[in-house]
Number of protein chains: 2
Amino acid sequence: MEARVAEQATAQQANRRRATLTRESILEAALRLCSPEGGGQLTFSRLGKELGADPTAVYRHFRDKDELVLALADVTIQEGIELARAKLPGGPSEDWRAWLTVTAESVRASYLARPALAVLAAARTTASPSETGSVELLISVLHQAGLPPIEAAECYRSLLDMTLAMTQYTAAFSSLDRSVQEKDEAAWAVKYGMLPEDEFPLLHQSAPRLTELFRDDDQVFRMVLETFLDGVAARIARAGNA
Amino acid sequence: MEARVAEQATAQQANRRRATLTRESILEAALRLCSPEGGGQLTFSRLGKELGADPTAVYRHFRDKDELVLALADVTIQEGIELARAKLPGGPSEDWRAWLTVTAESVRASYLARPALAVLAAARTTASPSETGSVELLISVLHQAGLPPIEAAECYRSLLDMTLAMTQYTAAFSSLDRSVQEKDEAAWAVKYGMLPEDEFPLLHQSAPRLTELFRDDDQVFRMVLETFLDGVAARIARAGNA
DNA sequence: CGCCGCTGTCAATGGCATTGACAGGCTCGT
DNA sequence: ACGAGCCTGTCAATGCCATTGACAGCGGCG
């Protein structure tokens, strides 16, 4: 198998009549397509063009698009985990908050580098074995912080889902047509610019901040994350007192 | 205009050669299609069949699918707000927590009654004037609870985005093919059933709880919401002390 | 040496949103 | 009451999409 793959890779270099695909080359090309620079759209025909092969050749390596997407999600998640590991101190430190923050933001960043993939994959369960270690680690960080095991697991699950959901949400908006985005934004700005102060005093006052947040999904995510973590802190304190 | 609509509605009853559409009848039919009972898929051809008219007739009333989806989102949001109002005491009470909980869950429920719509619309900004009052109300509840206006607005925005994101996330999964869902679930169960206890002690211990949560997105949402609100409570306390 | 399986190619299918040409009927101004 | 013109439904066609089945070359294995 190893030898075959190498051989095929060589054949690919030589510009033969038939393109020669591998699982890896396909994944690479697909990831490229998912990024904004790569067009931000994953379709078989684009993928074929990118690979210099017939679009349907991909079906020899992945049963259908779903399987391809799942594989892409897998490498993206792994990438996110590695990103987090690189930014984090070696062992499970006592700073649970930094751990959760960095992990969540790394996974998010990894997905947001390929919005098209985030839209397609975020709601799917990868269940890849590669992440299991990280999950145990994360839960143990929460456990050491003072949460009982089950509650730590619940907390991990909440954080993960929240992060993936917000990421997909952002990606969905950012992979809309520019024109649509601008339409939405214009409508929003008009609406918040014209609020009568006497009828909506608070809204009128915070309108500038709200329009600022409209442009900046990352800021909103960070706020949600911070508030969520404040809640976790409160739970830890409560568990400690009990 | 009023008279015309009534007239057309009558003509619709009588099974004439030409179906007669109105904005309202289209919205109704589309909402039906978005619900699980209605098939859970919104396409022009289905919509045409549902209305007994040519699919392209819809274009006379909505410029494109996006405009239709936005309109559907609008009625869904309004429905959610009304749902919340029905469950809530009259004025802005002192119980900010109940307000936020009920509002978030009502909007979520309203969307989840039409998963197909949630997938399509949750990331879009409606900017409908109908909700403005509710937003002001929500912010004022947070303000009265002790948050400064800007922070109250940020908090509202965070909660809204989090809720919509989690809702879209759930809807995306629930509108997958049964077969795919079951595949995911099976993979998950296998993975968590076979964890070696010595390598993943915490994960092994909380596996049952985690598999339980897999099936129950609503429970996860409630957990996220609770934790988030705990965080808000901490902020309110902090603001009070300052 | 010949068979078979792996993998790329090609043509076709069916679903989708969207468009433009057409046509009937209604309203409104005269 | 009549005709112009718009409103709105219909039809045919376009182009993108995922997926399938038939076919063909290449390479390895018996």
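Here is how names work: the chains are called A, B, and so on, in the same order as the sequence lines, proteins then strands, and each is numbered from 1.
Between the side chain of Ser45(A) and the base of dC16(D) there is no donor-acceptor pair of N/O atoms closer than 3.5 Å.
A cation-pi arrangement, defined by a distance under 6.0 Å to the six-membered ring centre and an angle within 45 degrees of its axis, is present between Arg108(B) and Phe221(B).
Whole-Å rounding puts the Arg46(B) CZ to dA17(C) P distance at 10 Å. Nucleotide dT7(C) holds its C1' atom 16 Å from the CZ atom of Arg23(A), rounded to whole Å. To the nearest angstrom, C1' of dA22(D) lies 14 Å from CG of Asp54(A). In this structure, CG of Leu68(A) is placed 15 Å from P of dC17(D), rounded to the nearest angstrom. Straight-line distance from the CG atom of Leu21(A) to the C1' atom of dC6(C): 13 Å, rounded to whole Å.
Within residues 37-44 of chain B, no residue has any heavy atom under 4.0 Å from DNA chain D. Within residues 172-183 of chain A, no residue has any heavy atom closer than 4.0 Å to DNA chain D. Against DNA chain C, the stretch residues 57-66 of chain B makes heavy-atom approaches under 4.0 Å through Tyr59(B), Arg60(B), Asp64(B), Lys65(B).
For the residue pair Thr43(A)/Gln41(A), the side-chain donor-acceptor check at 3.5 Å is not satisfied. Judged by distance alone, the side chains of Arg222(A) and Gln219(A) never bring a donor and an acceptor atom under 3.5 Å apart. In summary, the side chains of Thr22(B) and Ser25(B) do present a donor paired with an acceptor at a separation below 3.5 Å, with no hydrogens or angles considered.
Between Phe44(B) and Tyr59(B), a ring centre-to-centre spacing shorter than 6.0 Å is recorded.
With salt bridges taken as basic N to acidic carboxylate O contacts below 4.0 Å, none links Arg178(B) and Glu185(B). A salt bridge does not link Asp74(B) to Arg124(B): none of the charged side-chain nitrogens sits closer than 4.0 Å to a carboxylate oxygen. Remark: Arg157(B) does not engage Glu154(B) in a salt bridge, criterion side-chain N to carboxylate O under 4.0 Å.
Few gaps surround NZ on Lys87(A); more than 12 heavy atoms of other groups in view lie less than 6.0 Å from it.
Side chain of Asp177(A) to backbone of Ser179(A): no donor-acceptor contact under 3.5 angstrom is found.
In this structure, the side chains of Asp217(B) and Asp161(A) come closer than 4.5 Å at one or more pairs of heavy atoms.
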